[in-house]
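Below is one structure, written out as structure tokens, with a few remarks after it.
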Amino acid sequence: MCGITGWVSFDRDLSAEATTLHAMTETMACRGPDDRGTWTEGPAAVGHRRLAIIDLPGGRQPMSLVTPEGTVALVYSGETYNFTELRRELTDRGHRFTTDSDTEVVLHAYVEWGDAFAERLNGMYAFAIWDGRRDKLVMIRDRMGIKPFYYYRTPDGVLFGSEPKAILANPLARPRVTLDGLRELLVMIKTPGHAVWDGMREVEPGTVVTVDRSGLSTRVYWRLRTRPHEDDRDTTIATVRTLLDDIVRRQLVADVPRCTLLSGGLDSSAMTAIAARQLAEQGQKVRSFAVDFVGQTENFVADELRGTPDTPFVHDVARSSGTDHQDIVLDAEALADPAVREQVIRARDLPAGFGDMDASLLLLFRAIRQKSTVALSGESADEVFGGYLQFFDEDARSADTFPWLVRFGRHFGDDSDVLRTDLVKQLDLERYTADGYRTAVAGIERLAGESDFEFRMRQICHLHLTRFVRILLDRKDRMSMATGLEVRVPFCDHRLVEYVFNTPWALKSFDGREKSLLREAAKDVLPQSVYDRVKSPYPSTQDPRYARALQAQAKDLLARPSHRVFDLVDRDRVRKAAEREAPVSDQAARRGLERTLDLAQWLDLYAPELVLG
């Protein structure tokens with residue numbers, strides 16, 4: 001896992017731009033604390049920050065290969081889990097390797113097969129290849145969008161980076177946000193390719209972007225497609241388990257300490273238990289970590305979202321699988337610390353609005369990084385297997401919009417409630433959301449003879465796998481890489497995603513519960529308590545001291561009436577939320593305070609040029 005960046009300028013020799021390239025590269029220092037490197041040749045300049053995972057001495061980057069036609073240079077972020085098989089095939093084709101790294105395999109695979117080699121990869125990755133044989137830049141991103149990747153076109157080329165901050169470090173990129181960027185920032189719909197910053201784009205998942213002297217072109221090498229599912233229930237369950245066993249085994253490969261993120265839910269418990277069984281065959285134990293809050297388990301109050309605290313279930317799994325387990329217990333002061341908020345905003349480059357759930361994830365990963373460098377996560381299992389409440393909520397299922405917005409609106413209110421009324425009218429978020437939804441469902445294929453209900457559930461599954469999951473994957477990547485921790489996501493393996501997506505909803509929920517296929521596939525390794533447990537989302541603190549700290553910080557902000565944040569948010573609404581008696585019990589008020597403070601922090605750190613007209 002690493003951070004990559006670069007610059008292609010066809011009208012000049014970039015060897016004189018070492019200072020700018022260095023500045024771009026150093027913004028990725030958290031993503032790659034172990035090493036740094038740059039490479040320049042003519043119109044191309046690339047930079048790399050390395051987090052060493054496989055072949056610690058041999059995997060240095062940028063990595064280049066000299067051919068009779070010219071040099072091919074690579075900067076690469078991520079992991080290729082089938083690199084051993086690819087290496088054997090390439091060796092049989094005459095390639096010779098000098099390291100044991102997957103990076104070298106990726107480089108040789110490109111030389112052998114061109115950009116079509118992306119279809120052979122199993123992994124999470126974002127990489128850029130400067131092909132000096134043809135004077136072109138090739139940028140490729142993994143199928144599910146696990147690793148972030150951005151680019152910014154210039155008059156004579158392109159800038160790129162793992163994160164926007166790397167691009168914004170180049171004076172050619174303006175830190176400008178228009179109304180359209182604010183719309184994308186404020187609505188949880190994740191428009192493919194949209195990067196919020198004006199002029200910036202994401203390399204879309206499953207896509208190759210090529211830049212040469214004639215311009216920029218894109219090619220989609222993978223998309224989620226509709227196919228018939230012919231396996232019966234028992235065969236489907238057995239196939240899911242076979243895939244999970246293979247996926248976890250591949251993703252446990254590392255030359256550094258590994259662990260699992262354990263929440264006590266079905267997803268992370270199944271993954272941890274399978275990993276524990278596999279490592280036990282080698283005489284090893286799994287190290288597992290969970291997040292908790294001071295007093296949360298003892299004083300837990302159930303609501304419609306979270307019916308049970310995580311910790312008792314976490315400990316059941318730790319005991320049954322024999323993991324080396326540690327709870328990371330956080331207090332309200334740490335979660336509300338302005339310094340932590342600043343680190344979150346720097347990591348995400350945007351005020352994403354997750355509040356204490358971002359802060360706790362950052363603090364959790366920071367603690368884990370003291371003992372492990374690689375962590376396996378249960379992220380995306382809910383999207384793959386159908387685990388969220390909106391999959392079963394009739395209002396959400398029948399709504400002519402993104403289903404999660406129905407649930408979020410019911411529990412957390414509308415994020416736009418805190419905004420200035422005139423800005424809300426300009427943004428017209430309702431229309432933006434409606435347009436995005438129509439675009440998202442337009443290309444979803446329907447099977448011949450598929451019932452209206454089954455097709456609707458296919459649409460909902462597709463929306464979660466191509467929109468919602470990318471929001472959470474980006475969050476997890478940014479929070480983990482800000483601490484130099486690599487998080488792997490077994491449930492995002494494209495083979496599993498493709499297979500389960502095409503199972504009918506009746507099969508995904510054959511016992512009337514969420515994630516029926518996963519529950520049965522992992523039944524033999526799960527404690528009964530977890531097998532029976534109802535889905536519970538990522539935890540959020542219930543400590544009233546957290547809300548009071550937000551109120552105090554909001555009052556400090558209100559004492560600065562000239563702050564730019566009041567160009568966006570309504571001062572009176574913020575004041576009312578800051579003076580409420582019990583804001584922790586009012587999710588909308590609490591989220592409004594979090595959104596306001598995040599926006600203020602972002603404006604202070606990035607000084608974006610806001611174009612609100």
What is the ring orientation for Tyr499 with His229, classed by angle as parallel under 30°, tilted 30 to 60°, or perpendicular over 60°? perpendicular
Ring geometry between Phe392 and Trp505 (parallel below 30°, tilted from 30 to 60°, perpendicular above 60°): tilted
Under-4.0 Å salt bridge between Asp511 and Arg513: no
Does Arg475 make a cation-pi contact with Tyr538, if we ask for NZ or CZ under 6.0 Å from the ring centre and within 45° of the axis? yes
Taking it one step at a time, do Glu85 and Arg120 satisfy salt bridge (Lys or Arg N to Asp or Glu O under 4.0 Å)? CA-CA 10 Å; Glu85 297 98 311; Arg120 298 171 178 262; over 6 Å; no
Do any N or O atoms from the side chain of Thr503 and from the backbone of Val500 form a donor-acceptor pair under 3.5 angstrom? yes
Would you check if [X] and [Y] make a side-chain contact, meaning some heavy-atom pair closer than 4.5 Å?
{"X": "Arg258", "Y": "Leu252", "answer": "yes"}
{"X": "Val291", "Y": "Asp310", "answer": "no"}
{"X": "Arg410", "Y": "Arg407", "answer": "yes"}

Thr308, Asp316, Leu526, Leu266 screened by side chain to side chain contact (heavy atoms under 4.5 Å, CB included) with Arg533, the one that passes: Thr308
Would you list the pairs meeting salt bridge (Lys or Arg N to Asp or Glu O under 4.0 Å) in which at least one residue belongs to residues 453-473, sequence neighbours left out? Glu450-Arg458
Please confirm whether the ring centroid of Phe127 lies under 6.0 Å from the ring centroid of Tyr110. no
Qualifying residue for ring pair (Phe, Tyr, Trp, His ring centres under 6.0 Å) with His464, from Phe501, Tyr388, Phe402, Phe385: Tyr388
